[in-house]
**Student:** 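Here it is: the structure, laid out below.
Lettering follows sequence order; numbering is per chain, from 1. On a predicted model such as this, the values are computed, not experimentally measured, just so you know.
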Number of protein chains: 2
Amino acid sequence: MATIKDVAREAEVSTATVSAVINDSAYVSPALRARVLSAIDALGYAPSQVARNFKHGRSQLIALVVADLANPFYSRLVWAAEADVSAWGYSLVVFNSDEKPDNEKRILSRVRMLGCDGVLLVPVGDEDHYPVRDTRRWPPTVLYGRSFNRDNMDTVTLDNHEAARLATNYLLDLGHRRIGSIAAPTHLNTGRDRLAGMIDAMAARGVTPRPEHIRSGDFREQMAYSVAREMLKQPDRPSALYVANGLMALGVMRALSDLGLRCPEDISIVSTDTVSGPGGLRPQLTRTEHPLEEMTYEALRLLVDRIQHGNSRPPGNVVFTPSLVLGDSCAPATDG
Amino acid sequence: MATIKDVAREAEVSTATVSAVINDSAYVSPALRARVLSAIDALGYAPSQVARNFKHGRSQLIALVVADLANPFYSRLVWAAEADVSAWGYSLVVFNSDEKPDNEKRILSRVRMLGCDGVLLVPVGDEDHYPVRDTRRWPPTVLYGRSFNRDNMDTVTLDNHEAARLATNYLLDLGHRRIGSIAAPTHLNTGRDRLAGMIDAMAARGVTPRPEHIRSGDFREQMAYSVAREMLKQPDRPSALYVANGLMALGVMRALSDLGLRCPEDISIVSTDTVSGPGGLRPQLTRTEHPLEEMTYEALRLLVDRIQHGNSRPPGNVVFTPSLVLGDSCAPATDG
DNA sequence: GTATACCAGCTAAACGTTTCGCTGAGTATG
DNA sequence: CATACTCAGCGAAACGTTTAGCTGGTATAC
């Protein structure tokens with residue numbers, strides 16, 4: 001690969017002049033400029049971004065660390081983030097912590113070594129597990145979707161309590177009272193809030209869910225399948241389920257199908273965060289949806305601002321509001 | 001951020017010694033080693049990968065350039081590639097060309113500037129559009145899924161002709177004769193091969209598809225929807241469709257649903273490359289599937305080998321065989 | 001004609017690492 | 001005791017850029 005020195009030699013100028021031409025950072029006479037340009041052309045020279053970044057102490061890289069790349073929700077996040085990141089002039093490095101705090105730790109240290117300029121992180125560990133977010137040592141970080149009670153960090157989250165409340169109220173409005181849940185892990189605030197929202201919504205109507213109708217999943221299809229299968233085998237199974245995310249809802253659907261139960265006739269299902277495939281497949285899930293694109297845009301806006309302006313601004317904690325999207329996975333209760 | 005010099009000063013040794021300790025690249029006496037380690041600890045030092053990479057002329061980055069990040073097939077590719085890439089000690093930078101040759105061009109030049117060590121590319125342009133793959137100037141590249149007749153490049157592809165043949169034969173076996181196709185763009189070999197495979201399979205049974213039953217899509221849901229809607233409105237609509245990819249199959253499903261047609265009762269659908277959601281949703285598409293994980297692993301094996309050993313090995317062109325996966329989107333023909 | 005101002009272009013240092021080659025002390029060999 | 005050898009550790013160059021500061025020539029002002 002040709003270097004700036006080769007170009008300088010070829011054009012019989014100094015490297016400073018070549019640099020000035022490349023970056024338009026100083027006036028260069030037309031004659032010299034032409035010589036430089038033709039030398040660049042002749043040698044097929046392209047400036048080394050690696051060297052530039054090294055010089056400037058940046059990398060033009062933004063890391064996206066998600067909890068589970070196999071989850072369509074995070075696939076969409078990758079899609080949205082790639083678009084925004086490249087619009088801001090960065091490139092997106094993608095990591096998958098696979099819901100494992102150990103992986104996340106390894107990834108974060110790799111992110112630091114790579115010198116990524118910023119990190120968009122869907123955290124999977126509990127709070128204490130994180131290295132102190134000393135801005136001297138860590139690149140700017142924005143937490144996405146999940147957060148902990150660290151008020152000194154930028155976060156972009158969903159009002160999970162409200163999402164669960166919306167979904168549960170819909171079931172209550174349909175007359176359901178025996179409502180169960182495949183919940184999210186309770187060591188995450190996401191899981192706690194969604195469960196609390198559901199229980200609060202029921203309590204507001206004077207209903208209490210049966211403990212055996214509330215089970216925790218791990219956000220994944222497989223475990224939701226087993227847990228739902230177990231729960232729905234029981235004779236006193238719930239007539240409706242609030243499932244804490246879309247992927248688990250698919251697992252529940254599969255369990256239903258295996259048990260010969262129909263949705264929505266036998267069981268109504270509502271979930272949160274679903275990214276349904278395009279229409280045509282049945283049933284379409286009734287769900288609360290994250291405004292994913294807006295959330296992603298906002299997160300990257302915060303991140304880029306932090307990268308460019310440091311700690312001048314107080315931490316931003318943006319909470320988005322979910323909306324209920326009706327599908328056909330719910331039917332009125334038949335048991336009063 | 002502390003640098004190696006700070007550590008050296010703190011430990012009262014030379015930077016060379018610190019480097020030796022970090023990299024275990026030379027013997028260092030226990031005493032000095034201890035001093036260095038505690039200095040590293042005290043300063044919270046982590047070596048700058050940027051500087052290292054600059055020094056070594058590499059970046060530890062592998063670029064993945066896909067044709068459409070919104071397509072679940074490529075989402076799965078991201079998932080598989082991330083896992084393999086990180087197992088090889090690299091990090092994955094993701095780009096989305098969005099099926100646009102212009103974007104791809106921009107992306108490739110960015111990839112070069114970033115100094116990525118290798119590129120896994122799903123090409124979207126036609127052949128001539130590509131910069132000469134002069135190994136002096138371009139990082140090692142492996143073409144994935146699509147290719148062109150450049151026998152001097154590493155490629156990993158699917159036997160598209162066979163995929164279409166498998167799918168079409170299944171429809172023929174069910175008695176269908178009025179078979180149509182929502183095909184892939186014919187400027188890509190993928191599109192040409194899939195269409196040819198379908199037509200050849202039909203020809204082998206003495207059937208010829210009607211021209212108006214063959215329409216090209218662009219791999220996306222939206223266009224497949226419109227095209228299918230148009231085609232299926234006609235009174236002489238086909239009784240079965242071979243759809244060239246999974247995302248388009250979903251578009252077709254939506255069109256069916258809008259037109260009040262049922263699958264498989266009114267129309268049978270087979271597709272290629274589908275990544276169906278987990279079971280439970282109906283109908284499950286009958287499809288040929290790519291051995292995606294194996295393909296991805298193989299592609300990265302080729303790429304890493306090329307990165308590490310240069311051009312010593314002749315180009316590898318690995319072709320994988322698709323397999324037919326039965327769902328419930330097909331029914332026997334009712335019209336003989 | 002001298003002093004001043006301007007400006008195009010150059011020189012060289014700096015960024016954080018790795019690594020080649022050197023030094024000098026200690027040890028073995030004769 | 002002198003020479004050779006070993007080897008822990010050091011100094012400094014090199015990687016490809018950017019950029020602060022300098023130089024020397026030309027134009028302007030008096």
Side-chain angles (χ1 to χ4, degrees), chain A residues 1-40 43-61 109-110 112-117 136-137 139, chain B residues 1-40 43-61 109-110 112-117 136-137 139:
Chain A
M1 286 276 268
T3 75
I4 201 174
K5 284 184 193 165
D6 300 323
V7 176
R9 194 175 328 109
E10 174 86 8
E12 298 180 295
V13 298
S14 73
T15 62
T17 304
V18 179
S19 178
V21 170
I22 299 169
N23 302 297
D24 245 341
S25 54
Y27 178 83
V28 176
S29 69
L32 279 201
R33 159 172 307 252
R35 287 224 310 269
V36 169
L37 289 176
S38 77
I40 286 177
L43 296 169
Y45 166 77
S48 152
Q49 197 67 29
V50 178
R52 279 181 169 169
N53 288 337
F54 164 63
K55 175 71 182 172
H56 284 131
R58 52 172 165 66
S59 63
Q60 310 251 69
L61 259 26
S109 88
R110 175 142 188 99
R112 185 184 172 202
M113 299 245 300
L114 274 176
C116 293
D117 295 337
R136 290 246 152 301
R137 301 194 180 174
Chain B
M1 287 278 265
T3 76
I4 202 174
K5 284 184 193 166
D6 299 323
V7 176
R9 194 174 330 110
E10 175 86 9
E12 299 179 295
V13 298
S14 73
T15 62
T17 304
V18 178
S19 178
V21 170
I22 299 170
N23 301 299
D24 246 338
S25 53
Y27 179 85
V28 176
S29 69
L32 278 202
R33 157 170 310 244
R35 285 217 318 264
V36 168
L37 289 176
S38 77
I40 286 176
L43 296 169
Y45 166 78
S48 153
Q49 197 66 30
V50 178
R52 278 183 169 167
N53 289 337
F54 164 64
K55 176 72 182 169
H56 283 131
R58 52 171 164 66
S59 64
Q60 312 250 71
L61 259 25
S109 88
R110 177 146 186 96
R112 185 184 172 203
M113 300 246 300
L114 275 176
C116 293
D117 294 338
R136 289 243 151 303
R137 301 192 178 175

**Student:** Is any side-chain N or O of S29(A) closer than 4.0 Å to OP1 or OP2 of dG9(C)?
**Tutor:**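 Yes, within the criterion.
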**Student:** Would you check if E10(A) and K5(A) make a side-chain contact, meaning some heavy-atom pair closer than 4.5 Å?
**Tutor:** no
**Student:** Please give me the minimum heavy-atom distance between Y45(A) and A2(A), naming the atom from each residue.
**Tutor:**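 What the structure gives for the nearest pair is CD1-O, 3.3 Å.
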**Student:** Classify S48(B) by what it touches in the nucleic acid, base, sugar-phosphate, or nothing, heavy-atom distance under 4.0 Å.
**Tutor:** sugar-phosphate
**Student:** For R9(A) and dG9(C), give me the distance from atom CZ to atom C1', rounded to whole Å.
**Tutor:**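 Distance check: R9(A) CZ to dG9(C) C1' gives 19 Å.
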**Student:** Identify the residue among V21(A), V7(A), V36(A) that makes a side-chain contact (heavy atoms from CB on, under 4.5 Å) with V13(A).
**Tutor:**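 Among V21(A), V7(A), V36(A), the one that satisfies the side-chain contact (heavy atoms from CB on, under 4.5 Å) with V13(A) is V36(A).
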**Student:** Quick one: does D117(B)'s side chain have a donor or acceptor within less than 3.5 Å of a partner on S59(B)'s backbone?
**Tutor:**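 Yes.
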**Student:** Give the angle between the helix axes at the two ends of the helix from dG1(C)-dC30(D) to dG30(C)-dC1(D), taking five base pairs at each end and rounding to 10°.
**Tutor:** 60°
**Student:** Side chains of R58(B) and Q60(B): does their closest heavy-atom pair fall under 4.5 Å?
**Tutor:**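 Yes, their side chains come closer than 4.5 Å.
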**Student:** Whether Y27(A) contacts dC6(C) is assessed here as follows: a side-chain N or O lying under 4.0 Å from the phosphate OP1 or OP2. Is that the case?
**Tutor:**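 It does not, given that no N or O in the side chain of Y27(A) lies less than 4.0 Å from OP1 or OP2 of dC6(C).
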**Student:** Tabulate atom names and distances for all N/O pairs under 3.5 angstrom spanning the protein and nucleotides 10-12 of chain C.
**Tutor:**
unit_1, atom_1, unit_2, atom_2, d
dC10(C), OP2, S14(A), N, 3.2
dC10(C), OP2, S14(A), OG, 3.0
dC10(C), OP2, T17(A), OG1, 2.3

**Student:** Do T17(B) and V28(B) have side chains that approach each other closer than 4.5 Å (heavy atoms only, starting at C-beta)?
**Tutor:**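 Counting from C-beta outward, T17(B) and V28(B) do come under 4.5 Å.
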**Student:** Please classify the nucleic acid contact of T3(B) as base, sugar-phosphate, or nothing, using heavy-atom distances under 4.0 Å.
**Tutor:**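 The residue T3(B) makes sugar-phosphate contact but no base contact.
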**Student:** Say whether, by atom type as modelled, one donor and one acceptor occur between the side chain of D6(B) and the main chain of T3(B) under 3.5 angstrom.
**Tutor:** yes
**Student:** Just so I know, are the side chains of N23(B) and R52(B) near enough to count as touching, which here means a heavy-atom distance under 4.5 Å?
**Tutor:**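 N23(B) reaches R52(B) side chain to side chain.
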**Student:** What is the 5' to 3' range of DNA chain D, first to last nucleotide, that sits under 4.0 Å from any heavy atom of chain B?
**Tutor:**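 From 5' to 3', the first and last contacting nucleotides are dA8(D) to dG16(D).
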**Student:** Do the side chains of L114(B) and L61(A) get nearer than 4.5 Å, heavy atoms only?
**Tutor:**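 They are in contact (side-chain heavy atoms under 4.5 Å apart), so the answer is yes.
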**Student:** Is there a residue in residues 50-59 of chain A whose heavy atoms reach under 4.0 Å of DNA chain C, and which residues are they?
**Tutor:** F54(A), K55(A)
**Student:** For R35(A), check side-chain hydrogen bond (donor to acceptor under 3.5 Å, both in side chains) against everything at least two apart and list the hits.
**Tutor:** none
**Student:** Pair I4(B), I22(B) - check side-chain contact (heavy atoms from CB on, under 4.5 Å), show working.
**Tutor:** CA-CA 10 Å; I4(B) 202 174; I22(B) 299 170; 4.3 Å; yes
**Student:** Please report the distance, rounded to the nearest Å, between CG in D6(B) and C1' in dA14(C).
**Tutor:** 15 Å
**Student:** With sequence neighbours excluded, tell me which residues meet salt bridge (charged side-chain N to carboxylate O under 4.0 Å, His left out) with R33(A).
**Tutor:**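 R33(A) satisfies salt bridge (charged side-chain N to carboxylate O under 4.0 Å, His left out) with D24(A) once adjacent residues are dropped.
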**Student:** Please name the pair of heavy atoms, one in A26(A) and one in A20(A), separated by the smallest distance, quoted to 0.1 Å.
**Tutor:**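 Minimum heavy-atom separation between A26(A) and A20(A): CB-CB, 4.1 Å.
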